[in-house]
Engineer: 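Take a look at this one; I'll ask things after.
Throughout, a chain's letter reflects where its sequence line sits, starting with A, and its residues are numbered from 1. Quick note: numbers below take in every heavy atom, side chains included, and nothing from hydrogens, waters or symmetry partners.
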There are 2 protein chains.
Amino acid sequence: MSITIKDIARKLNISYATVSRALNDRYGVDPHTREKILKAAREMNYLPNAIARGLVNQQTETIGLVIPDITNPFFPEVALGIEDRAGEEGYSVFLCNTNWEQDRELRYLSLLREKRVDGIILAPVSGKTPSNREYDRVEAPLVFVSEARRGMGKSYVTIDNVQGGCIATEHLIRKGYTRIGFFGAAEDELTSGERYQGYAKALRDAGMQEREKYVRFGDYRTNTGSRLITELIGNGD
Amino acid sequence: MSITIKDIARKLNISYATVSRALNDRYGVDPHTREKILKAAREMNYLPNAIARGLVNQQTETIGLVIPDITNPFFPEVALGIEDRAGEEGYSVFLCNTNWEQDRELRYLSLLREKRVDGIILAPVSGKTPSNREYDRVEAPLVFVSEARRGMGKSYVTIDNVQGGCIATEHLIRKGYTRIGFFGAAEDELTSGERYQGYAKALRDAGMQEREKYVRFGDYRTNTGSRLITELIGNGD
DNA sequence: ATGAAAGCGCTAACAG
DNA sequence: CTGTTAGCGCTTTCAT
C-alpha cells in the first residue's frame, strides 16, 4: 500500500481534510500549514490516488479512443493528435482496437462505460451501424471520427469525402485525362461510397461518361486492394 | 448517476452484500436468489463501476503502454499485439506518447502510477537513461519493450539487434557485395549501436575492411534519414 | 445463505 | 482556518 493523505495528516497531527484542501489548492488553509503539508507530501513521496479521487468526484480524467486498427496508418495519426491534446489537459486515453469487428466495438463501449471514462472518441466499424440505441446507452459524451452517420444527434469530425473525390477527379480532368477510374475500399463502407459520389459528380459536371469497368470496390479488411489495382491498371482500353 | 448495486438490492429487498456476491459468482448464494439478482441486473441495465471496484480491490485491470511515437510504424504493431492480448484478459491499456521526450516519459510514468495501473510496458526514449531510481519508483510491474538496458533487474522483450545486423550483413556478403555500408538512426541510440556492432562483426568475420565513409548515423527524430541515405548512395567509390 | 458494518482513499459539506 | 462526518460504489469479514 502506498502512502495516503492520512499518513501525512497523522505525521503532521492535523486532520486529513486539511491535507486534502492544501493538496488541492483549496482556499482557506493557513499559508504556513499549507507549506508544511506540501513539504511533507514531497518528502514522503505522496502520490494522489486517482481511483479514489475518481470515485468521489465522479470524474476520471480519462477518455476512450475506439478505432478499427491502429496498424492502419491513418489511425496512429488520429491517435497522436488526440493523445497529445488530451495529455495537455491532464487526461489519459484508453486505446481500444476493434479490429473492424462490430461486436468488439460494442464490448469496448461497455467496458469503457464500466471504467467510467469521461468521454469517448469513436471511429466506428464501417458498414451496418449497430442500432443507435447502443450508442445512446453511453452516458458520457461520444464523438465520432473518421466516419459518422450524420443526423444521429452526435458530434463528429470527418472528412468531406464527396468533396475530396470531386477535387481529385477534377484535377485529373483538368490534366486532360479521359479514362478516369475509381477504386474504393469496400462498397458498404461510407468513406468509399462518398468519395465515389464525388467522383461521379465531377465526371457528370464535366459532361463525361462514367465507365463501369473503371469502377471497382474491394475490401481492405481482406486486402483485396492490390489485386484490384493491378487489374484496374492492366485494363487496357 | 447510473444504477448501482444498492438499487438492485433495494428493489429485491435483500442486502446489497448478497447482490455483490451473486454478481461476482461467489459461492454461498441461494441459486434461486442468484437467478433473481442476475435477472434484475440485466433488466435494470446494471453496469459495474470499475472505479469503485478498483478502489477496494486495489486492482484496476488496466495497464499503461508508454511509447515514443505511435506514428512510427514499429509501435502500432507493438501496440496492437499488446492491446489485443490485454483485451483477452479483460485489461484496458492506456496509450502514452512520449514524443521522444525524456521528461514526458517521466511524467507519464507518474501519471500512470496515480491512475493505479496494474502494470506498465515501456519503450523508453533512447539515449541517456533517467536514473534507474525513477524506474524503481513505480510499484507496479514494469517491463521494457523495444529497448532496454540489460541487467537493471527489469524484464524486457527486445530484438537481438547485434544478431540482426550480423545476419543482414552476412546476407550481403554472401551475395557477393563488397562495398557494404551501415546506416543507423542515431548514434546515441541503443538499437542502432547494437546493429552496428553486428555489422562490424560480420565484416570482421569475413575478413573484410569496414570503411568509415560507408558508416553513417542520423537522427530519426529530426528526419535526417533520407538526406543521409541519398548521400550514402550517391557516394560513388 | 444472508445481513450488518467496516473500509478502500479521497472530497465536501457542516460545524466550530 | 481547521476538524468531524458522511459518502462515492463496491468487496469482505464477522455475525447470525
Engineer: Phosphate oxygens OP1/OP2 of D:dC8: is one of them under 4.0 Å from a side-chain N or O of B:Asn49?
Structural biologist: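 False: B:Asn49 side-chain N/O out of range (4.0 Å or more) of D:dC8 OP1/OP2.
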
Engineer: How do B:Gln58 and B:Thr18 order along DNA chain C: which one's closest nucleotide is nearer the 5' end?
Structural biologist: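 By nearest-heavy-atom nucleotide position, the 5'-most residue is B:Thr18.
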
Engineer: Check every strand shown and say whether A:Ile51 touches a base, only sugar-phosphate, or nothing at a heavy-atom separation below 4.0 Å.
Structural biologist: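 Touches nothing.
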
Engineer: Classify the nucleic acid contact of B:Ser20 as base, sugar-phosphate or nothing, counting any heavy atom under 4.0 Å across all strands shown.
Structural biologist: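 B:Ser20: base contact, heavy atoms under 4.0 Å.
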
Engineer: Which whole-number value in Å describes the distance from A:Arg26 CZ to C:dA13 P?
Structural biologist: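 Atom CZ in A:Arg26 sits about 10 Å away from atom P in C:dA13.
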
Engineer: Parallel, tilted or perpendicular: which fits the ring planes of B:Phe182 and B:Tyr199, with parallel below 30° and perpendicular above 60°?
Structural biologist: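 Tilted.
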
Engineer: I'd like to know whether A:Glu35 forms a salt bridge (Lys or Arg N to Asp or Glu O under 4.0 Å) with A:Lys39, so could you lay out the CA-CA distance, the side-chain angles of the two residues, the decisive distance to 0.1 Å, and finally the verdict.
Structural biologist: CA-CA 6 Å; A:Glu35 258 330 300; A:Lys39 180 156 166 290; over 6 Å; no

Engineer: Nearest 0.5 Å please: distance from the OH atom of B:Tyr91 over to the CG atom of B:Asp118.
Structural biologist: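 Going from OH on B:Tyr91 over to CG on B:Asp118, the span is 4.5 Å.
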
Engineer: A:Thr33 side chain: which of D:dT11, D:dT2, D:dG3 is closest?
Structural biologist: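 Of all the options, the side chain of A:Thr33 is nearest to D:dT2.
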
Engineer: Counting side-chain heavy atoms from C-beta on, which of C:dA4, D:dC10, D:dG3 comes nearest to A:Ser15?
Structural biologist: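 For A:Ser15, the side-chain atoms sit closest to D:dG3.
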
Engineer: Considering only side-chain heavy atoms of A:Val56, which listed nucleotide, C:dG9, D:dG9, C:dG3, is closest?
Structural biologist: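 For the A:Val56 side chain, the nearest candidate turns out to be C:dG9.
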
Engineer: Could you tell me how far apart B:Lys6 (NZ) and D:dT11 (P) are, to the nearest whole angstrom?
Structural biologist: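 B:Lys6 atom NZ is separated from D:dT11 atom P by 13 Å.
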
Engineer: Give the nucleotide from the list C:dC10, C:dA12, D:dC1 with an atom nearest to the side chain of A:Arg53.
Structural biologist: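 Comparing C:dC10, C:dA12, D:dC1 against the side chain of A:Arg53, the answer is C:dC10.
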
Engineer: Between atom CD1 in A:Ile5 and atom P in D:dT4, what is the gap in whole Å?
Structural biologist: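 These atoms are roughly 15 Å apart.
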
Engineer: Would you tell me whether A:Arg116 and B:Ser2 have side-chain atoms, one donor and one acceptor, within less than 3.5 Å of each other?
Structural biologist: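 Yes, because at least one side-chain N or O of A:Arg116 sits under 3.5 Å from a partner of the opposite role on B:Ser2.
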
Engineer: Side chain of A:Asn57 only, please: which of C:dA12, D:dC10, C:dA5 is the nearest?
Structural biologist: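 Side chain of A:Asn57 sits closest to C:dA12.
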
Engineer: Quick one, B:Asp103 with B:Arg107, criterion salt bridge (Lys or Arg N to Asp or Glu O under 4.0 Å). Give me CA distance, side-chain angles, the key distance, then yes/no.
Structural biologist: CA-CA 6 Å; B:Asp103 65 318; B:Arg107 276 207 309 280; 3.2 Å; yes

Engineer: Please state how far atom CD1 in B:Ile37 lies from atom P in D:dT11, giving the value in whole angstrom units.
Structural biologist: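 Distance check: B:Ile37 CD1 to D:dT11 P gives 12 Å.
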
Engineer: What is the distance, rounded to the nearest whole Å, between atom CZ of A:Arg10 and atom C1' of C:dC10?
Structural biologist: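 Going from CZ in A:Arg10 over to C1' in C:dC10 covers 14 Å.
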
Engineer: Would you kindly compare B:Asn13 and A:Leu23 by the position of their nearest DNA chain C nucleotide and give the one closer to the 5′ end?
Structural biologist: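 First, find each residue's nearest nucleotide; the 5'-ward one identifies B:Asn13.
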
Engineer: Taking only the side-chain heavy atoms of A:Tyr16 (C-beta and beyond), determine which of D:dG9, C:dC10, D:dC1 contains the nearest atom.
Structural biologist: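 Nearest to the side-chain atoms of A:Tyr16, counting from C-beta on, is C:dC10.
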
Engineer: Would you kindly give the CD-to-C1' distance between A:Gln59 and C:dA12, to the nearest whole Å?
Structural biologist: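 So the CD-C1' distance, A:Gln59 to C:dA12, works out to 15 Å.
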
Engineer: Base, sugar-phosphate, or nothing for A:Arg21, non-hydrogen atoms under 4.0 angstrom?
Structural biologist: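 Answer is base: heavy atoms of A:Arg21 come under 4.0 Å of a base.
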
Engineer: For A:Tyr27, answer base if it contacts any base atom (sugar-phosphate contacts may also be present), sugar-phosphate if it contacts only those atoms, and nothing otherwise; contact means non-hydrogen atoms under 4.0 Å.
Structural biologist: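 The residue A:Tyr27 makes no contact with any strand.
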
Engineer: Just the rounded figure in Å: distance from P of D:dG9 to CD1 of B:Ile8.
Structural biologist: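 Taking atom P of D:dG9 as the reference, CD1 of B:Ile8 is at 15 Å.
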
Engineer: Provide, to the nearest angstrom, the distance between the NZ atom belonging to A:Lys36 and the P atom belonging to D:dC1.
Structural biologist: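 Answer to the nearest Å: 15 Å.
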
Engineer: Could you tell me whether B:Val29 contacts a base, only the sugar-phosphate backbone, or nothing, with contacts defined as non-hydrogen atoms closer than 4.0 Å?
Structural biologist: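 Sugar-phosphate: the residue B:Val29, judged by heavy atoms under 4.0 Å, touches backbone atoms but no base.
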
Engineer: Find the distance between CG (B:Leu122) and CG (B:Leu109) and round it off to the nearest 0.5 Å.
Structural biologist: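 Taking CG in B:Leu122 and CG in B:Leu109, the distance rounds to 6.0 Å.
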
Engineer: Picking from C:dG9, D:dC10, C:dA13, which would you name as closest to the side chain of A:Leu55?
Structural biologist: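 Within the option list, the nearest is C:dG9.
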
